[in-house]
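Take a look at the structure set out below.
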Amino acid sequence: MFSEHNDNDVIPALLSQAEIQDLVAQVTMVNLLDQHPLPHVVTYKRRFIYVNPAAVGLFDAETTMDLLGQDITTFIHPLDHGRVLTRLEILGPNKLANPPSLTRITTLKKRSKRILSTSMLITVNGQEFAIASGTDITNGIHRSELESDRNYQSLFENMLDVFYRTDKEKRLTLVGPAVTKMLGYKPEDVLGLPAASFYVDPNKREEVVARIARDGEIKDFQVDLKHKSGYPVSVEISSRAIYDSENNVIGVEGVFRDVTEQNSMKESLQLLAATDELTGIFNRREFLRNAEMCVKKLKRHPETSILAIVDLDKFKQINDDFGHLSGDKILKIFTEIFKRNLRETDIFGRLGGDEFSIILQSIDKSTAQPLLERMLSELRSKSLRLRGDVQINISASIGATFLTSEDHPLNTALARADQALYQAKKHGGSCLVIYD
C-alpha cells in the first residue's frame with residue numbers, strides 16, 4: 001500500500017509500511033472508497049498513503065504506486081497552494097471537516113484541472129489522517145481559464161527565483177523548480193524538511209524567524225544556503241508571514257534569489273577600487289582609509305604603531321634613461337620584497353609614483369627598526385639588467401614616525417614621516433631615519 005521509505009525520506013517520524021497498512025486497514029470506509037466513483041485519498045503528514053482508482057485517473061497516474069508517498073501539495077496549483085495548505089492546517093479537534101472548495105491542480109502529465117474538493121480529519125490509534133475527495137469539474141470551465149492556469153503554472157516553473165512556503169512547524173511545503181539549478185535539489189526531495197536545515201549559519205535562520213515574527217516580513221535579507229554538493233550559495237530572501245482567519249501565524253511564504261555572482265562581482269569591483277593596478281597593494285585612497293581606521297583604534301586600544309614612508313632612490317633618473325617599463329619592473333621587485341617581509345597585520349600601500357607607505361601595527365622600535373633595515377638590505381642586494389649590458393642596483397630610503405591617537409587627520413603623522421625621509425635622503429639615501 002505504501003512504498004518503502006529510506007534514510008533520505010523527507011517526512012520526519014514517518015510510520016513504517018506495515019504500520020501504515022495496519023492503520024489504513026482500520027479505516028472502515030476504505031473498502032467502500034475502492035468502489036467509489038469519486039476520487040478519494042488518505043494522507044498522513046500530507047503524504048498519500050491511500051488512493052482509490054478514481055483518484056489514480058484524476059491525477060493522470062498509471063498505478064497507485066505513482067502517487068503513494070507523494071506530497072499532496074505538489075499537485076496543487078501555485079495560486080491555490082496557500083489556501084489549500086491553510087485548510088489542511090486548521091483541521092483539528094475543533095474543526096474535523098472543511099466545506100467544498102474550488103481547487104486548481106496540475107496532474108502528473110502537466111494537465112491543468114479544476115476540482116471541487118473537501119477534506120476531513122480522522123484519528124486511528126492516536127494517529128491523525130486526512131481524507132480528501134474531489135469532483136472533477138474541468139469540463140465545465142471555460143478554455144481561456146484553463147489556459148490561464150497553465151500559463152501561470154508555466155511561469156511558476158520557469159521562474160529564476162525560488163518561491164517557497166513553510167507550514168507552522170517551519171517545514172517546507174512548496175518549493176519552486178528553480179531550486180534544482182540553484183541548490184541541486186529536486187523540489188519533491190525537500191518537501192517536509194525543516195527550512196533551517198538548509199542554512200549554513202543556524203544563527204541566520206534564527207534571525208530570519210525573529211524578524212518575520214517581529215515585523216511580519218523581511219526584504220532582501222542575505223544568507224548562505226547549503227548546495228546539495230556541500231558548498232554555500234549566497235541568496236537574498238524576501239518573505240512574509242501567513243496568517244489564518246484568527247490571525248495566528250501558520251507559515252511563511254517568499255522568494256529567494258541567487259546573488260553569489262552578484263556578490264562576487266561586487267567584491268571584485270571593491271578590490272579593484274582599492275588596489276593599485278601595477279603592484280597589487282592598496283592604492284593611495286584605500287591606504288589612507290585603513291590608516292585613519294588604525295589611528296581611531298589607538299584611541300580605544302593604545303599600542304605602539306609606526307608609520308613609514310618609503311621612496312625609491314634615483315627612480316626618476318631610471319625612468320628618464322631607460323623608460324617606464326623598466327621603472328615598472330623595479331616597482332614590482334620592490335613591492336614583492338616588502339610584501340614578503342611584512343606581517344598580515346601591517347598595512348602597505350602606494351601613495352603615488354615611487355612613494356609607498358607602511359603602517360606596522362602593535363610593534364615597538366626595537367622590532368620595527370631591524371625589520372625595516374632588513375628590507376632595505378634585501379632590496380640593495382637586488383640588481384636589474386636593463387638596456388644592453390647596463391646593470392643597476394635598487395635601493396630605497398625610509399622615513400618613519402610613531403603613530404599616536406592624536407594623529408587625526410593623518411596629515412600630521414605623514415608630515416613627520418616625510419621630514420624623516422628628507423633626512424634619510426640628505427644622508428645619501430638607502431637608509432632608515434625614525435623621527436624623534
Side-chain angles (χ1 to χ4, degrees), residues 266-313 315-316 319 324 327-365 367-369 371-376 378-379 394-425 429 431-435:
K266 184 179 178 180
E267 289 173 6
S268 298
L269 289 173
Q270 288 173 340
L271 182 62
L272 189 63
T275 305
D276 177 64
E277 185 177 359
L278 177 66
T279 61
I281 61 176
F282 285 148
N283 57 24
R284 179 185 182 89
R285 183 172 63 86
E286 189 64 16
F287 173 82
L288 293 177
R289 188 183 73 82
N290 279 271
E292 293 284 1
M293 290 172 59
C294 180
V295 171
K296 289 179 181 179
K297 188 176 74 173
L298 292 177
K299 290 182 179 293
R300 302 189 303 272
H301 306 287
E303 61 184 17
T304 304
S305 294
I306 289 178
L307 169 69
I309 295 180
V310 188
D311 190 82
L312 288 166
D313 297 329
F315 185 74
K316 184 178 184 303
N319 262 344
H324 289 287
D328 288 350
K329 288 181 181 179
I330 292 174
L331 291 174
K332 289 179 179 179
I333 292 173
F334 158 78
T335 304
E336 182 182 334
I337 290 173
F338 273 57
K339 279 176 65 177
R340 187 166 62 244
N341 283 277
L342 291 172
R343 304 164 303 168
E344 287 187 7
T345 56
D346 298 329
I347 304 169
F348 186 28
R350 185 182 181 189
L351 299 182
D354 63 332
E355 190 173 66
F356 296 78
S357 192
I358 303 167
I359 290 182
L360 303 173
Q361 299 192 80
S362 303
I363 196 169
D364 55 32
K365 183 178 179 180
T367 306
Q369 186 167 344
L371 172 63
L372 294 172
E373 289 179 341
R374 183 170 68 248
M375 289 190 286
L376 290 180
E378 187 175 342
L379 189 63
I394 307 171
S395 67
S397 302
I398 300 178
T401 183
F402 292 99
L403 269 180
T404 75
S405 59
E406 303 303 317
D407 288 325
H408 184 69
L410 195 67
N411 292 344
T412 53
L414 288 170
R416 293 197 306 272
D418 203 48
Q419 289 182 44
L421 178 63
Y422 174 77
Q423 293 298 321
K425 292 286 188 181
C431 65
L432 163 69
V433 172
I434 298 178
Y435 181 92

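Just so you know, these numbers use all the heavy atoms, side chains as well, and skip hydrogens, waters and symmetry mates.
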Checklist entry - In terms of side-chain geometry, is the basic nitrogen of Asp354 or Lys316 positioned less than 4.0 Å from the acidic oxygen of its partner? => result no

Checklist entry - Of all heavy-atom pairs between Ala396 and Leu376, which one has the smallest distance, and what is that distance? => result O-CD2, 3.3 Å

Item to check | Closest non-hydrogen atom pair, Ile359 against Ala291 | outcome: CD1-CB, 3.4 Å

Checklist entry - Hey, mind stepping through Leu360 and Leu372 against side chain to side chain contact (heavy atoms under 4.5 Å, CB included) and telling me if it holds? => result CA-CA 10 Å; Leu360 303 173; Leu372 294 172; 4.1 Å; yes

Checklist entry - Quick one: OG1 on Thr335 to CD1 on Ile330, what's the gap to the nearest 0.5 Å? => result 11.5 Å

Next on the checklist: Between Glu303 and Ser362, does the side chain to side chain donor-acceptor pair (under 3.5 Å) criterion hold? Intermediate values first, please.
Outcome noted: CA-CA 6 Å; Glu303 61 184 17; Ser362 303; 2.7 Å; yes

Next on the checklist: Testing Lys339, Arg340, Lys332 one by one against Glu336 for a salt bridge (Lys or Arg N to Asp or Glu O under 4.0 Å), which residue passes?
Outcome noted: Arg340

Checklist entry - If you take all heavy atoms of Ser357 and Ala308, which pair is closest and at what distance? => result OG-O, 2.9 Å

Next on the checklist: Checking Ile434 against Phe402 for the side chain to side chain contact (heavy atoms under 4.5 Å, CB included) test, could you report, in this order, the C-alpha distance in whole Å, the side-chain angles of both residues, the deciding distance, and whether it holds?
Outcome noted: CA-CA 8 Å; Ile434 298 178; Phe402 292 99; 4.3 Å; yes

Next on the checklist: Nearest 0.5 angstrom please: Phe348 CZ to Phe356 CZ, how far?
Outcome noted: 6.0 Å

Checklist entry - Are the side chain of Thr275 and the backbone N or O of Glu277 linked by a donor-acceptor pair below 3.5 Å? => result no

Checklist entry - How far apart are the C-alpha atoms of Thr304 and Asp364, what are their side-chain angles, what is the distance that settles it, and do they pass the side chain to side chain donor-acceptor pair (under 3.5 Å) test? => result CA-CA 6 Å; Thr304 304; Asp364 55 32; over 6 Å; no

Item to check | Greater than 12 external heavy atoms within 6.0 Å of Lys425's NZ | outcome: yes

Item to check | Side-chain (Asn341) to main-chain (Phe338) donor-acceptor, under 3.5 angstrom | outcome: no

Item to check | N/O donor-acceptor pair under 3.5 Å between Thr367 side chain and Ile363 backbone | outcome: no

Item to check | From Arg289 atom CZ to Met293 atom CE, the distance as rounded to the nearest 0.5 Å | outcome: 5.5 Å

Item to check | Salt-bridge contact Asp276-Arg284 (side-chain N to carboxylate O under 4.0 Å) | outcome: no

Checklist entry - Is there a donor-acceptor contact under 3.5 Å from the side chain of Arg350 to the main chain of Gly353? => result yes

Checklist entry - Do side-chain atoms of Asn290 reach the backbone of Phe287 as a donor and acceptor pair under 3.5 angstrom? => result no

Checklist entry - Which pair of non-hydrogen atoms, one from Ile281 and one from Gly349, has the smallest distance, and what is that distance? => result CD1-C, 3.6 Å

Item to check | Check against side chain to side chain contact (heavy atoms under 4.5 Å, CB included), Leu298 and Leu403 | outcome: CA-CA 9 Å; Leu298 292 177; Leu403 269 180; 4.0 Å; yes

Checklist entry - Stepwise, does the side chain to side chain donor-acceptor pair (under 3.5 Å) test hold for Asp313 with Ser395? => result CA-CA 6 Å; Asp313 297 329; Ser395 67; 2.8 Å; yes

Next on the checklist: Give me the atom names and distance for the closest heavy-atom approach of Thr345 to Gln361.
Outcome noted: O-NE2, 2.6 Å

Next on the checklist: Test side chain to side chain contact (heavy atoms under 4.5 Å, CB included) on Glu355 and Leu421; report intermediate values, then the result.
Outcome noted: CA-CA 11 Å; Glu355 190 173 66; Leu421 178 63; 4.3 Å; yes

